[in-house]
Amino acid sequence: MLQLNFIRENQQTVVDGLKKRNFTEEKLAVLTQVLSLDDQRRQIQTTLDGSLAERNKLSKEVGELFKKGAHQEADVIKDKVNQLKDSISELESQLKDTMDRLDSLLLTIPNIPHESVPAGSSEQDNEVAQAWDKALPVLEQQALPHWELASKYQIFDLELGTKLTGSGFPVFRGKGARLERALISFFLDEATKAGYEEIMPPLMVNEATARGTGQLPDKEAQMYHVTKDDLYLIPTAEVPVTNIFRDVILDVEQLPVKMTAYTPCFRREAGSYGAHVRGLNRVHQFDKVEIVQFQHPDKSYETLQEMVAHVEGLLNKLELPFRILRLCGGDMGFTSALTFDFEVYSAAQQRWLEVSSVSNFETFQSNRMKIRYREGKKIQLLHTLNGSALALARIVAAILENNQTPEGIVIPSVLRPYTGFDIIA
RNA sequence: GGUGAAGUGGGUGAGUGGCUGAAACCAACGGUUUGCUAAACCGUCGUACUCUGAAAGGGGUACCGCGGGUUCGAAUCCCGCCUUCACCGCCA
């Protein structure tokens with residue numbers, strides 16, 4: 001959620017930013033509505049506060065008169081206060097109404113893109129920030145996509161998942177399950193080495209938490225909702241981990257706070273179909289290690305680079321060909337100011353698969369969650385950042401496809417201490 | 001799930017209708033003093049919104065788990081909910 005003062009003081013920046021997100025003139029009208037509602041709100045607030053002050057003052061007089069035994073005079077003032085009460089409750093309901101409208105409008109305004117974000121309307125317009133300059137792996141003629149390798153080597157079983165749960169819930173087995181676990185451990189260890197504290201959060205969250213990171217109300221359809229207890233299955237560890245500091249004021253000395261978490265992620269992914277979602281390309285449950293940072297606003301873009309470098313390091317160690325995209329205004333998430341996507345080349349499918357998304361949200365999330373830091377006397381919103389490091393299912397897909405040989409699937413050497421085997425044959 | 005008790009500022013904890021945004025102590029911060037990384041003493045020490053001011057600051061309002069109610073007036077009384085603790089039940 002954008003800060004009202006920011007909108008008020010930087011209207012042109014906001015307009016330019018929203019245009020990058022392809023806001024039409026018509027949709028931009030929301031800004032003037034927001035500002036005028038805010039004016040109304042202040043006006044009501046001032047009047048209301050005045051009436052309340054009056055009530056408090058008169059009530060005190062009643063108390064004093066009672067002590068003196070001047071009951072009649074007290075009764076006169078009581079009547080006065082009773083009259084005030086009507087206008088107070090009227091003002092209170094106006095205030096609540098205005099604030100509700102203001103909030104719901106504010107929730108429709110996405111984050112302002114960083115100046116480096118390219119304009120554009122779809123993924124076609126994303127900018128390649130770092131291309132893969134070495135040769136792409138070329139597989140032999142009979143190379144198989146990962147879903148066929150899966151059954152050949154008994155790595156995972158989607159049909160079985162359908163039997164147990166439904167489509168999009170893979171069952172990993174044998175060396176496949178071990179590979180999955182090896183990757184999780186490897187990613188967590190790398191994050192720990194880089195100074196992130198490991199967290200194991202709940203996999204279900206309440207409404208306030210889902211609202212904090214912006215899953216509600218914008219992405220409600222994306223989440224599994226446990227209606228009986230009104231809980232949501234997390235679509236990413238970002239949700240519980242970022243909310244750890246909801247309504248918390250950190251000391252500037254504590255920044256940056258760095259946290260990492262492995263969790264399964266649950267996504268409904270309504271309405272997807274076709275070859276692009278075959279196998280592990282898009283599933284309802286997948287494993288992911290997330291890295292999250294809470295940082296001083298002056299340093300958050302350095303931190304973003306640091307996180308990008310961390311993900312790069314992982315992919316290099318796994319010996320996977322990848323490229324980095326700078327997302328355009330039209331493809332960027334609602335809450336992000338700048339996002340880099342990592343795509344790994346899947347040789348058998350001959351396409352790039354998104355395996356990580358690293359973003360700086362600036363104060364957009366922290367404003368909703370009131371995550372602040374104290375520096376001297378000043379209390380300010382901090383910047384939140386997060387990134388996948390990494391999303392498992394597609395990494396597994398890429399490893400399976402790229403590393404297939406006539407003898408079997410070769411495990412990247414960095415993973416062998418974790419898997420305990422060096423080939424899946 | 002049942003029964004009972006409790007939820008106050010960073011912590012401990014006082015407060016049962018007006019003198020309480022809240023005592024006291026601890027922690028923290030600033031200072032004085034002291035031949036010494038201690039002690040003593042003094043001071044500061046919640047958050048949000050709002051008005052005013054160039055600013056420093058000053059005024060007002062709200063908040064004592066959350067939401068409602070009673071009252072001229074609520075941390076304090078009433079109702080609902082949540083959470084924690086204890087015991088019981090169930091259980092990996």
Side-chain angles (χ1 to χ4, degrees), chain A residues 1-9 34-107 200-212 216 226-232 240 243-255 257 264 294 363 365-382:
Chain A
M1 190 154 63
L2 289 180
Q3 298 174 78
L4 264 170
N5 280 344
F6 182 84
I7 299 177
R8 186 178 296 282
E9 286 158 25
V34 160
L35 290 180
S36 95
L37 273 173
D38 185 45
D39 286 338
Q40 278 181 46
R41 193 207 101 232
R42 289 172 182 209
Q43 211 178 339
I44 296 167
Q45 177 108 46
T46 307
T47 321
L48 173 62
D49 283 358
S51 301
L52 288 170
E54 179 72 8
R55 183 197 67 183
N56 290 344
K57 198 183 110 219
L58 290 175
S59 294
K60 231 165 225 181
E61 285 175 24
V62 172
E64 277 155 27
L65 289 172
F66 258 109
K67 250 178 231 165
K68 287 188 214 151
H71 292 269
Q72 284 190 339
E73 291 174 53
D75 284 341
V76 173
I77 298 182
K78 273 194 200 176
D79 285 344
K80 265 196 193 169
V81 179
N82 274 326
Q83 284 165 26
L84 259 181
K85 275 165 102 175
D86 289 340
S87 72
I88 285 174
S89 62
E90 169 62 21
L91 284 166
E92 273 173 344
S93 74
Q94 276 181 34
L95 183 66
K96 188 178 178 301
D97 185 58
T98 310
M99 284 173 79
D100 287 348
R101 281 163 60 201
L102 185 54
D103 278 347
S104 57
L105 276 188
L106 272 176
L107 284 173
M200 284 193 101
L203 305 182
M204 288 195 258
V205 294
N206 57 30
E207 191 192 317
T209 299
R211 194 170 291 281
L216 291 177
V226 181
T227 48
K228 193 161 187 182
D229 297 290
D230 203 14
L231 296 172
Y232 296 87
N243 273 278
I244 288 174
F245 291 106
R246 172 153 49 90
D247 295 320
V248 170
I249 301 174
L250 291 159
D251 193 276
V252 69
E253 304 289 324
Q254 294 172 264
L255 302 180
V257 175
F294 303 83
T363 58
Q365 291 184 325
S366 62
N367 188 35
R368 249 193 228 193
M369 279 183 273
K370 297 286 169 275
I371 310 181
R372 291 163 293 173
Y373 69 98
R374 178 183 268 112
E375 189 170 20
K377 276 195 160 179
K378 274 207 294 193
I379 291 173
Q380 282 177 306
L381 296 173
L382 48 69

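Note: hydrogens, waters and symmetry copies are ignored here, and every other heavy atom, side chains too, is used. Since the model is a prediction, treat every value here as computed from it, not as a measurement. Just so it is clear: chains get the letters A, B, ... in the order the sequence lines come, proteins before strands, and each one is counted from 1.
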Practice task
Looking at every strand, decide which applies to A:Asn82 at a 4.0 Å heavy-atom threshold: base, sugar-phosphate, or nothing.
Solution key: sugar-phosphate

Any strand: nucleotide that pairs with [N] via Watson-Crick or wobble, under 3.5 Å:
| N | result |
| --- | --- |
| B:A6 | B:U83 |
| B:A23 | none |
| B:U37 | none |
| B:G18 | B:C72 |
| B:C29 | B:G43 |
| B:C91 | none |
| B:G53 | none |
| B:U61 | B:A48 |

Problem - Residues A:Tyr373 and A:Gln380: side-chain donor-acceptor under 3.5 angstrom - result: yes

Exercise for the section: For atom CD of A:Glu9, decide whether the heavy atoms of other residues, nucleotides or ligands shown that lie under 6.0 angstrom number more than 12. Expected result: yes

Measuring only the [atom1] atom in each nucleotide, how far is [N] from [M]? A whole number of Å is fine.
| N | M | atom1 | result |
| --- | --- | --- | --- |
| B:G69 | B:G15 | P | 29 Å |
| B:A39 | B:U12 | P | 23 Å |
| B:G17 | B:G89 | C1' | 42 Å |
| B:A6 | B:G13 | C1' | 14 Å |
| B:C41 | B:U83 | P | 45 Å |
| B:A23 | B:G11 | P | 15 Å |
| B:U20 | B:C78 | C1' | 22 Å |
| B:G10 | B:C29 | C1' | 13 Å |

Practice task
Quick one: closest heavy-atom pair of A:Leu382 and A:Ser366, and the distance?
Solution key: O-OG, 2.6 Å

Out of [options], which nucleotide sits closest to the side chain of [X]?
| X | options | answer |
| --- | --- | --- |
| A:Ile249 | B:U61, B:U47, B:C72 | B:U47 |
| A:Leu52 | B:U61, B:C72, B:A48 | B:U61 |
| A:Gln45 | B:C49, B:G60, B:U47 | B:C49 |
| A:Arg374 | B:U71, B:C51, B:G46 | B:G46 |
| A:Ala53 | B:G60, B:G57, B:C72 | B:G60 |
| A:Thr46 | B:G60, B:U47, B:U50 | B:U50 |
| A:Val62 | B:A48, B:C72, B:G57 | B:C72 |
| A:Arg55 | B:G18, B:A62, B:G57 | B:A62 |
| A:Ile379 | B:C72, B:U47, B:U61 | B:U47 |

Using whole Å, what does the distance between atom [atom2] of nucleotide [N] and atom [atom1] of [X] come to?
| X | N | atom1 | atom2 | result |
| --- | --- | --- | --- | --- |
| A:Tyr373 | B:G10 | OH | C1' | 21 Å |
| A:Glu61 | B:C19 | CD | P | 14 Å |
| A:Leu95 | B:U61 | CG | P | 16 Å |
| A:Asp86 | B:U71 | CG | P | 13 Å |
| A:Leu58 | B:G18 | CG | C1' | 14 Å |
| A:Asp251 | B:U47 | CG | P | 12 Å |
| A:Lys80 | B:U71 | NZ | C1' | 19 Å |
| A:Lys85 | B:G73 | NZ | C1' | 9 Å |

Exercise for the section: Would you mind reporting whether A:His71 and A:Phe66 have side-chain heavy atoms less than 4.5 Å apart? Expected result: yes

Handout entry: 5' precedence on RNA chain B between A:Asp49 and A:Lys60 (nearest-nucleotide basis)
Key = A:Lys60

Problem - Whichever of A:Lys96 and A:Lys57 has its nearest RNA chain B nucleotide further upstream toward 5' - result: A:Lys57

Exercise for the section: Evaluate side chain to side chain donor-acceptor pair (under 3.5 Å) for A:Thr209 paired with A:Asn206, printing each intermediate quantity in order. Expected result: CA-CA 6 Å; A:Thr209 299; A:Asn206 57 30; 2.9 Å; yes

Exercise for the section: Nearest 0.5 Å please: distance from the CD atom of A:Gln94 over to the CZ atom of A:Arg41. Expected result: 14.0 Å

Fill in the blank from the handout: dist A:Thr98:OG1 -> A:Arg42:CZ (nearest 0.5 Å) comes out at 13.5 Å

Between [X] and [N], is there a contact of a side-chain N or O with OP1 or OP2 at under 4.0 Å?
| X | N | answer |
| --- | --- | --- |
| A:Asn206 | B:C82 | no |
| A:Arg372 | B:A48 | yes |
| A:Lys78 | B:U71 | no |
| A:Asn56 | B:G73 | no |

Problem - Side-chain donor or acceptor of A:Arg55 paired with backbone N/O of A:Lys85 under 3.5 Å - result: no

